[in-house]
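Chain letters run A, B, ... following the sequence lines, proteins first and then strands; every chain starts at 1.
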2 protein chains.
Amino acid sequence: MARVEIGQHLGMSPASVSDLTASLLDEGILVAEESADQTSGLIRGRPKTRLFFAETLGSVIGVWTGFNRVELRLVDSAGRNRASRHIERPLRNLEAEELMDVLAQTIAAFAQDTGAGTVKAVGLACQGYVDTRDGIVAWSPVLGTRDLPLASGLSQRLGKPVLIENDASAMAFAITQRNADLRSGRTACLMVGDGVGLGFLVQGELYRGARFGNSEFGHVRLRRGGPQCRCGGRGCIEAYLADYALHRDAQLIDHRPAPTLLLPGEDAMGAVVEQARAGDPALLNLFHAAGEVLGDAVGILIQTLEPDHIVICGPGTRAMDLLRPSFEAALEAQTIPELRALAAIHVVESSMDLLTEGVVMQALRELDLDLARLKAA
Amino acid sequence: MARVEIGQHLGMSPASVSDLTASLLDEGILVAEESADQTSGLIRGRPKTRLFFAETLGSVIGVWTGFNRVELRLVDSAGRNRASRHIERPLRNLEAEELMDVLAQTIAAFAQDTGAGTVKAVGLACQGYVDTRDGIVAWSPVLGTRDLPLASGLSQRLGKPVLIENDASAMAFAITQRNADLRSGRTACLMVGDGVGLGFLVQGELYRGARFGNSEFGHVRLRRGGPQCRCGGRGCIEAYLADYALHRDAQLIDHRPAPTLLLPGEDAMGAVVEQARAGDPALLNLFHAAGEVLGDAVGILIQTLEPDHIVICGPGTRAMDLLRPSFEAALEAQTIPELRALAAIHVVESSMDLLTEGVVMQALRELDLDLARLKAA
DNA sequence: CGCCATTTATTCAGCAGATGAATAAAACAA
DNA sequence: TTGTTTTATTCATCTGCTGAATAAATGGCG
């Protein structure tokens with residue numbers, strides 16, 4: 001990014017930007033690059049010299065832990081993606097210490113194999129009630145234990161600062177970083193997939209509640225006495241919308257034994273969706289009910305947060321066509337038109353790659369590694 | 001407040017405060033007062049000279065419009081309450097123009113009768129979806145019309161700046177201004193009475209959503225196919241908890257005709273509560289159901305906003321003893337213990353006086369009348 | 001009664017960050 | 001070559017704030 005643009009972004013004069021960047025260039029934290037490339041024609045005047053973070057300042061590893069999968073990604077200090085890997089490894093039956101050992105080994109092996117150079121920090125995203133500030137996972141459906149001091153545990157084992165974050169929050173952050181429109185005003189990202197998570201951003205900054213953020217919105221109990229949820233409650237949003245719930249209920253319709261798997265794969269979910277699209281009435285009912293719950297959930301979000309943008313993302317969007325009619329009807333029944341008109345609803349296809357990218361960006365931001373510390377550390 | 005205290009509050013050095021206040025004292029916006037009074041003993045050192053806003057800079061009128069009542073309050077620039085009045089006057093059957101005429105006349109007469117001197121601004125609070133920024137009431141159960149440009153209408157008639165605000169937001173602001181603890185972190189104030197409104201504050205500042213704030217949280221639909229609500233929907237939080245709903249359902253239990261009044265008086269509500277306290281099982285059921293809804297509502301607030309403080313206020317707290325058992329049970333069923341532990345729940349008795357005070361403070365703040373403009377205008 | 005301790009308020013030199021104006025630099029166009 | 005356009009830097013300056021020193025105003029105490 002050129003100095004003038006930085007100034008516009010930060011609301012500063014170009015003179016100030018020159019001042020500040022000069023010392024960073026001296027120290028080698030930034031590098032200037034003559035921009036040979038130029039897209040659109042009609043460029044006159046002195047060409048802008050773009051400034052980049054140096055690539056040699058070390059890198060950051062982003063990790064996502066799912067039910068039986070760990071995704072890893074290595075990003076260098078210039079923000080370029082260097083390597084990624086995913087490993088099939090169920091974590092949910094491990095004891096706390098063993099869990100952290102396995103995770104630390106997995107991360108260390110990844111760093112070694114990719115010749116990562118100095119890894120400055122690790123960011124890890126997982127489902128559940130994550131206390132980012134204190135680095136504690138209070139409860140997670142993925143990790144069996146309660147009140148797990150995950151950040152300090154990994155930090156000790158790896159000898160690096162570790163930031164942990166709820167996965168929906170990380171995804172929301174990544175999505176808003178990709179789309180400038182979503183960074184102004186308030187954006188609520190509802191991630192539907194393994195579970196249902198929320199990331200809420202105000203002016204591009206993640207909203208932090210008293211401890212966890214509002215990311216486990218999926219455990220709002222919408223229907224008294226509704227279906228069983230992983231959290232132990234009944235009638236949570238998740239218990240209708242999450243992959244495990246849809247898959248479970250689909251099996252029950254077919255009078256098959258209730259599945260023990262808490263995470264049906266993409267194949268299994270695809271099969272359910274296809275069968276519904278083919279017109280299976282019982283399955284259509286299932287998606288109809290799920291769409292209603294989604295509409296109610298979005299309605300509650302609109303009424304409590306009044307966001308300018310609502311993003312529905314995650315693997316669950318694969319069935320958006322089945323959900324949409326009842327989703328829209330339920331939303332309409334919940335909110336007055338003036339209120340509904342405020343929030344633009346976006347459906348965004350988002351991969352797990354995006355998620356690990358998000359947690360890397362969050363780690364850089366939250367751990368104050370942006371500038372001087374990268375050099376010092 | 002003394003200069004040293006101002007400095008501590010703003011995180012500035014006393015030197016700076018002296019600097020800044022000097023010019024304001026010159027201009028007569030502030031006045032210094034030798035503090036003769038002193039509460040606790042053991043005062044040594046040079047006594048602090050307290051600074052006040054001058055009383056002569058004009059005043060502000062705060063107004064609350066209820067269903068058949070208008071409350072008015074005159075506050076001088078030093079923040080002292082000068083006069084208040086309440087008038088029985090139903091507004092809900094008036095056309096838009098007539099409504100604004102009546103309100104303007106009422107306010108003007110109040111200003112005249114109290115010898116208010118120069119009234120610099122008017123703040124008005126009412127129920128409903130209030131767009132404070134543009135001064136529009138999109139919908140209100142009190143005022144029949146839709147999309148009423150109330151601020152500009154009154155401003156033209158009175159020749160003064162007018163700020164309009166949702167009444168629950170105004171109440172929330174007043175409550176947090178009275179209690180310093182509630183100004184740090186996030187505070188959600190649920191006002192239960194004529195309706196159910198919400199005011200949410202982050203670091204003492206009212207949260208503003210895309211347009212309305214989240215003040216009409218009472219119209220979140222909790223129970224599909226529940227009782228009728230004033231908004232036209234069914235099963236809203238309000239339709240269980242608001243005075244009109246409790247009163248209506250109590251009448252129906254006794255097989256009396258459904259009441260047409262949308263606002264039972266304090267007498268009528270007191271009678272219902274007393275009857276329930278005396279052990280009437282059907283009425284106890286009513287309050288049991290209302291308490292459950294309150295618990296669900298607070299649970300949703302905790303999961304979406306994750307506040308540090310939750311305040312339950314408004315006339316509805318009169319029946320808190322009847323609501324509490326089912327309230328607490330429902331809240332417990334909704335949230336995991338770690339989450340529930342974060343929010344301290346306060347039940348605050350709050351009068352309508354406090355509300356008009358709140359809207360005056362908001363008017364001063366939002367209309368930038370704090371300092372120089374008061375002198376200039 | 002006079003002196004000391006204590007707290008509040010003011011003065012003043014100086015610093016840090018940002019700015020506007022002027023200038024230099026680097027390209028393209030004619 | 002000269003002019004135009006845009007980017008970047010230099011520099012004097014300004015603003016807001018600060019720490020240290022000082023003045024002011026009181027009570028406590030011998």
Tell me whether the side-chain N/O atoms of [X] come closer than 4.0 Å to OP1 or OP2 in [N].
X	N	result
B:Ser16	D:dT18	yes
B:Thr49	C:dA9	yes
A:Ser18	D:dT10	no

Counting heavy atoms from C-beta on, name the nucleotide in [options] closest to the side chain of [X].
X	options	result
B:Arg3	C:dT8, C:dT10, D:dG19	C:dT10
B:Ser13	C:dT10, C:dT19, D:dT18	D:dT18
A:Met12	C:dA27, D:dT9, C:dT19	C:dT19
A:Arg46	C:dA24, C:dC12, C:dA9	C:dA24

Do the side chain of [X] and the main chain of [Y] share a donor and acceptor less than 3.5 angstrom apart?
X	Y	answer
B:Thr187	B:Leu182	yes
B:Thr132	B:Ile164	yes
A:Gln203	A:Gly185	yes

Measure from [atom1] on [X] to [atom2] on [N] and round the result to the nearest Å.
X	N	atom1	atom2	value
B:Asp26	C:dT10	CG	P	11 Å
B:Arg50	C:dT7	CZ	C1'	13 Å
B:Leu30	C:dA9	CG	C1'	15 Å
A:Leu25	D:dT9	CG	P	8 Å
A:Leu10	C:dT19	CG	P	10 Å
A:Ile6	C:dA18	CD1	C1'	16 Å
B:Lys48	D:dG27	NZ	C1'	16 Å

B:Leu305/B:Tyr207 under side-chain contact (heavy atoms from CB on, under 4.5 Å): CA gap, chis, key distance, verdict: CA-CA 11 Å; B:Leu305 303 174; B:Tyr207 174 82; 6.0 Å; no
Ion pair check, A:Arg208 and A:Glu165, cut-off under 4.0 Å: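 Answer for the salt bridge query: yes.
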Nearest-nucleotide comparison on DNA chain C, the residue closer to the 5′ end among A:Ala15 and B:Asp19: B:Asp19
Sugar-phosphate only, base, or nothing, as touched by A:Gly11 at under 4.0 Å among non-hydrogen atoms: sugar-phosphate
